[in-house]
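To start, the structure itself, in structure tokens.
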Amino acid sequence: SPSSAASDVYKRQDEARTVVKGHNEQNLQQINTFVIDFDKVPGETLDAQRILDVAIDLELMPTLILETPGGFQAYFILENAWYISSKNNYQSIEVAKRVSENLRKAFAEELSSVDLGCNHFGIARIPRKDNVVYYYPALKHDMQQLIQWSMKYEPAKTVKTVSYTH
């Protein structure tokens, strides 16, 4: 059976921190990584090199790519954790979710295999020697730079039409 693990982002129920409380965004404590899930689509050539080619064009290189039974996962590991706060009605979650959505959409413009519907901050596979196909540990991402990239990407993809009636 495939190995999966909950990132240490959800609050724990017990003193030993062994029981995850639930997959509710308000339970998030921090975000360490953004993950894009690529599911193999019939007729599409998908491999780690194709993902890297798109990443180069987008100037968004992943830190790690691993192969799964159904495709690939690209990991964008943060230099520092993005801590979640209840301040401003969990605005930090909304910011991170927008970055995650824009990362997925940017890759989906070139690769139809991007799973746009999977959970933004859920369970991901454990990288192991037998499933890691690309890893560049020095390439960690600054959250503020990802936010700036996301803000630049979004207006370019959002068309606003204004109609005036007299």
Side-chain angles (χ1 to χ4, degrees), residues 1-12 17-84 92-143 145-147 149-150 153-154 157:
S1 80
S3 295
S4 294
S7 299
D8 198 17
V9 295
Y10 292 99
K11 290 185 180 174
R12 305 296 179 137
R17 296 178 50 82
T18 59
V19 178
V20 176
K21 191 178 191 178
H23 291 83
N24 180 322
E25 288 179 354
Q26 272 79 30
N27 290 339
L28 279 169
Q29 291 181 322
Q30 67 189 54
I31 296 166
N32 301 311
T33 304
F34 290 98
V35 178
I36 300 176
D37 189 35
F38 298 87
D39 296 325
K40 290 180 184 166
V41 174
E44 181 181 53
T45 303
L46 181 66
D47 58 18
Q49 188 58 55
R50 180 74 180 110
I51 294 168
L52 289 170
D53 290 345
V54 171
I56 289 168
D57 291 343
L58 293 171
E59 299 179 359
L60 285 170
M61 295 299 289
T63 310
L64 177 139
I65 299 175
L66 61 81
E67 190 165 9
T68 69
F72 293 87
Q73 290 180 338
Y75 290 65
F76 298 80
I77 299 173
L78 298 177
E79 284 177 342
N80 300 297
W82 178 253
Y83 290 99
I84 303 303
S92 50
I93 291 175
E94 294 308 311
V95 169
K97 192 183 291 186
R98 184 62 54 89
V99 169
S100 178
E101 287 171 355
N102 286 333
L103 280 168
R104 292 174 185 191
K105 288 176 185 175
F107 277 84
E109 288 177 11
E110 296 296 324
L111 298 169
S112 60
S113 55
V114 173
D115 183 350
L116 294 169
C118 69
N119 186 315
H120 291 283
F121 312 117
I123 294 173
R125 295 189 180 272
I126 297 174
R128 303 180 318 254
K129 288 180 182 177
D130 65 334
N131 67 4
V132 172
V133 294
Y134 166 85
Y135 180 47
Y136 190 60
L139 181 60
K140 302 270 174 71
H141 295 273
D142 177 76
M143 186 61 177
Q145 288 177 345
L146 285 175
I147 291 169
W149 171 85
S150 181
Y153 170 81
E154 193 164 343
K157 301 300 168 194

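Below, each value reflects all heavy atoms present in this structure, side chains not excepted, and no hydrogens, waters or symmetry copies.
Atoms CZ and CG, on Phe34 and Leu78 in that order, are 5.5 Å from each other to the nearest 0.5 Å. Between the OH atom of Tyr153 and the CG atom of Asn102 there is a distance of 6.0 Å, given to the nearest 0.5 Å. For the atom pair CD1 of Ile65 and CD of Gln73, the computed distance is 11.0 Å after rounding to the nearest 0.5 Å. To the nearest 0.5 Å, atoms CD1 (Ile93) and OG (Ser100) are separated by 12.5 Å. Here the OH-OG1 distance, from Tyr135 to Thr63, works out to 8.0 Å after rounding to the nearest 0.5 Å. Atom CD of residue Glu44 and atom CG of residue Asp47 lie 10.0 Å apart, to the nearest 0.5 angstrom.
In this structure, Trp149 and Leu103 have side chains that are in contact, with non-hydrogen atoms separated by less than 4.5 Å. Within the 4.5 Å cutoff, no side-chain heavy atoms of Leu46 are placed close to those of Val41. Put simply, the side chain of Leu60 reaches to within 4.5 Å of the side chain of Leu146, judged on heavy atoms. Proximity of Trp82 to Val95: side-chain heavy atoms (C-beta onward) are separated by under 4.5 Å at one or more points.
Looking at every heavy atom in both residues, Glu110 comes nearest to Arg50 through O-NH2, 3.6 Å. Shown here for Pro127 and Leu66, the closest heavy-atom pair between the two residues is CA-CD2, 3.7 Å. When all heavy atoms of Ala108 and Leu116 are compared, the pair lying nearest together is CB-CD2, 4.0 Å. Listed here is the closest heavy atom pair of Pro137 and Lys140: O-CE, 3.4 Å. Among all heavy-atom pairs drawn from Ile51 and Phe38, the shortest one is CD1-CD1, 3.8 Å.
Applying the side chain to side chain contact (heavy atoms under 4.5 Å, CB included) rule to Asp39 yields the partners Asp37, Asp115; only residues at least two apart in sequence or on another chain are considered. Residues forming a side chain to side chain contact (heavy atoms under 4.5 Å, CB included) with Tyr136 (at least two apart in sequence, or on another chain): Tyr134, Ala138, Leu139.
Under 4.0 Å is where a charged nitrogen must lie from a carboxylate oxygen, and between Glu101 and Arg104 no such pair does.
For the pair Asn131 (side chain) and Pro69 (backbone), a donor-acceptor distance under 3.5 Å is absent.
In this pair, Phe76 and His141 present their aromatic rings tilted. The plane angle is within the 30 to 60° band.
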